[in-house]
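Below: one structure, written as structure tokens.
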Amino acid sequence: MTRGPAETLRFQPALHAPRSRSRAWRGASASQRCPGNHAAWGGGARRCVAPSAHPGAEGCREGGEPRAGPGVVPGVCCWGVQSLQLFTQSRSLSPAPRPDSRKTPGRVRADRAVSERRSSVAHFLSPSARTRTPAAPSGFGLSCGRPSAARGPSGSMGGARDVGWVAAGLVLAAGACYCFYRLTRGRRRGVPGLRLRPSRSAEDLTNGSYDEILNAEQLQKLLYLLESTEDPVIIERALVTLGNNAAFSVNQVTIRELGGIPIIGSKINNPNQSIKEKALNALNNLSVNVENQIKIKVYVSQVCEDVFSGPLNSAVQLAGLRLLTNMTVTNDHQHMLSSYITDLFHLLLTGNGSTKVQVLKLLLNLSENPAMTDGLLGAKVDSSFLSLYDGHVAKEILLRVLTLFQNITTCLEKEGRLAIQPTFTEGSLFYLLYGEECAQKMRALVYHHDADVKEKVTMIPKF
């Protein structure tokens, strides 16, 4: 049988095209296709054999011959050409099916739903989705910039990439949350405004860069280390740390309750002068607390021996004098120094400026207590003591020796003893202060160039 010219159009594959792939092809119902040609589709496009069997058959010539005109294929009726055009459009609108996959319509819809969900997640996590963009026309998916993740043969690969990026983002977010948790975890409750660090070992607490207030647990570790180690370097560093922390009132109580005062006090007998100094400094800070003085007073005699027998103007001597000064702020323990008053005046005359100032601070504490007046006035003092009242003496020293004279005179005046013949021996402090030489020096200081010195002289009752 001879085929017509339309045989080259290969119309036969249209029988196997899936109807669900094209809206245009689904729109061409059976009533719109040429029923006369429908029976002959298996052999290619033929002439219309039943021109009256479809609407518009009047366009076909009698005998099934198609009418001539533009766009008309010879040998095929106009409705056959229209069907061909609809099929061609449907083929161009939808991608060709994969030759190795034949899925049911339900499976196809499920695959499309999964692809659209992946595209939605990828679009939500993409940086471009965080900015407002005009809405895409319907039918083009959630993002026109990511068509491969929605449909087509490469959709599954694009979806896999999107899922990978989502997983990477979740891992990074989880890591950031964990780091933030580690940074904020274990914050110590204590004094506000202090930097907080995790717990350290006892030796780490002795590091000079550790400038925080220690808690009770850390102080206990440090005291145990101080008691158990024999390493002089660790002992010295531990004493420095304890001394720094003992400057705070809360730790002054904590160290006492932990039994730390005897542990620290035992180090003042260490032959290492540096360790002895650090132990005295720690006890000095602890002695600010009145209740701590009850436990520290047992070391007063030992400290006095070290101060007066040790190297002159040494760091140990100054540290011991500072501790004794704190211990004599109140009248409770001043009597423990009664036998050392003469030594104090000797140290005042032989020491340098720093030693003189520190000794005078201690003597001023004693001079304010009337119970210590006799002990001060009866002490054997060298006559060079009066040189401290010369006008060229440093102001910080001169003002203190004048205050010492004022305090002693005030105590005697309160007791009415200035008019009574004293019982002190010659060469005592009493004879130096109330002798003629001292009176001349007082009268000269009335004209001193410093106003504070002149005012202090006029405050002494005798002058």
Side-chain angles (χ1 to χ4, degrees), residues 184-270 272 274-303 306 315-316 318-334 336 365:
T184 58
R185 178 175 177 264
R187 285 188 174 272
R188 193 171 69 241
R189 299 177 181 178
V191 179
L194 294 176
R195 297 189 305 273
L196 302 176
R197 300 180 185 175
S199 177
R200 294 186 173 188
S201 64
E203 293 189 12
D204 290 338
L205 297 174
T206 64
N207 193 342
S209 62
Y210 197 88
D211 54 356
E212 302 176 9
I213 297 180
L214 304 183
N215 56 30
E217 180 183 358
Q218 292 170 328
L219 289 172
Q220 189 173 17
K221 290 181 180 179
L222 201 58
L223 290 170
Y224 176 78
L225 175 67
L226 180 62
E227 188 178 20
S228 60
T229 186
E230 297 293 336
D231 189 342
V233 176
I234 296 179
I235 292 175
E236 184 175 349
R237 288 165 55 185
L239 287 171
V240 170
T241 305
L242 287 170
N244 293 337
N245 280 265
F248 300 93
S249 58
V250 60
N251 281 344
Q252 293 168 4
V253 177
T254 303
I255 293 174
R256 182 185 74 243
E257 293 176 348
L258 292 174
I261 293 179
I263 298 175
I264 298 173
S266 63
K267 302 304 176 183
I268 65 174
N269 297 321
N270 196 296
N272 189 319
S274 181
I275 293 178
K276 185 188 295 288
E277 176 199 356
K278 303 305 186 298
L280 291 171
N281 289 335
L283 291 176
N284 177 43
N285 289 340
L286 290 170
S287 66
V288 176
N289 186 286
V290 177
E291 296 183 13
N292 288 350
Q293 291 185 1
I294 300 174
K295 294 183 175 296
I296 297 175
K297 69 179 182 179
V298 299
Y299 305 105
V300 170
S301 298
Q302 179 66 39
V303 173
D306 294 337
V316 173
L318 289 174
L321 288 171
R322 285 192 293 266
L323 174 58
L324 295 175
T325 302
N326 280 349
M327 292 294 294
T328 57
V329 170
T330 63
N331 299 341
D332 298 335
H333 312 293
Q334 290 182 358
M336 301 182 69
N365 289 343

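Numbers here simply count residues along the sequence, with the first being 1. Everything quoted here is computed from the prediction, not taken from an experiment.
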Test salt bridge (Lys or Arg N to Asp or Glu O under 4.0 Å) applied to [X] - qualifying residues, sequence neighbours left out:
| X | answer |
| --- | --- |
| Glu230 | none |
| Glu277 | none |
| Arg322 | none |

My understanding is that only residues two or more places apart in sequence, or in another chain, count here; which of them pass side-chain hydrogen bond (donor to acceptor under 3.5 Å, both in side chains) with [X]?
| X | result |
| --- | --- |
| Asp332 | none |
| Gln334 | Asn331, Asn369 |
| Thr325 | Gln358 |
| Glu236 | Ser274, Lys278 |

Does Leu219 reach the side chain of Leu242, with side-chain heavy atoms less than 4.5 Å apart?
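Side chain of Leu219 against side chain of Leu242, heavy atoms only: contact under 4.5 Å found.
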
Could you check if a side-chain atom of Lys267 sits within less than 4.5 angstrom of a side-chain atom of Leu239, using non-hydrogen atoms only?
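In contact.
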
Residues that [X] engages under side-chain contact (heavy atoms from CB on, under 4.5 Å), provided they are two or more places apart:
| X | value |
| --- | --- |
| Ser266 | none |
| Asp306 | Lys276, Gln302 |
| Tyr224 | Ser228 |
| Asn270 | Asn272, Ile275 |

Contact list for residues 247-266, test salt bridge (charged side-chain N to carboxylate O under 4.0 Å, His left out), sequence neighbours left out
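Listed by first then second residue: Arg256-Glu291.
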
Judged by atom type as modelled, is there a donor-acceptor pair below 3.5 Å linking the side chain of [X] to the main-chain atoms of [Y]?
| X | Y | value |
| --- | --- | --- |
| Asn281 | Gly243 | no |
| Asn326 | Asn284 | yes |
| Gln218 | Asn215 | yes |

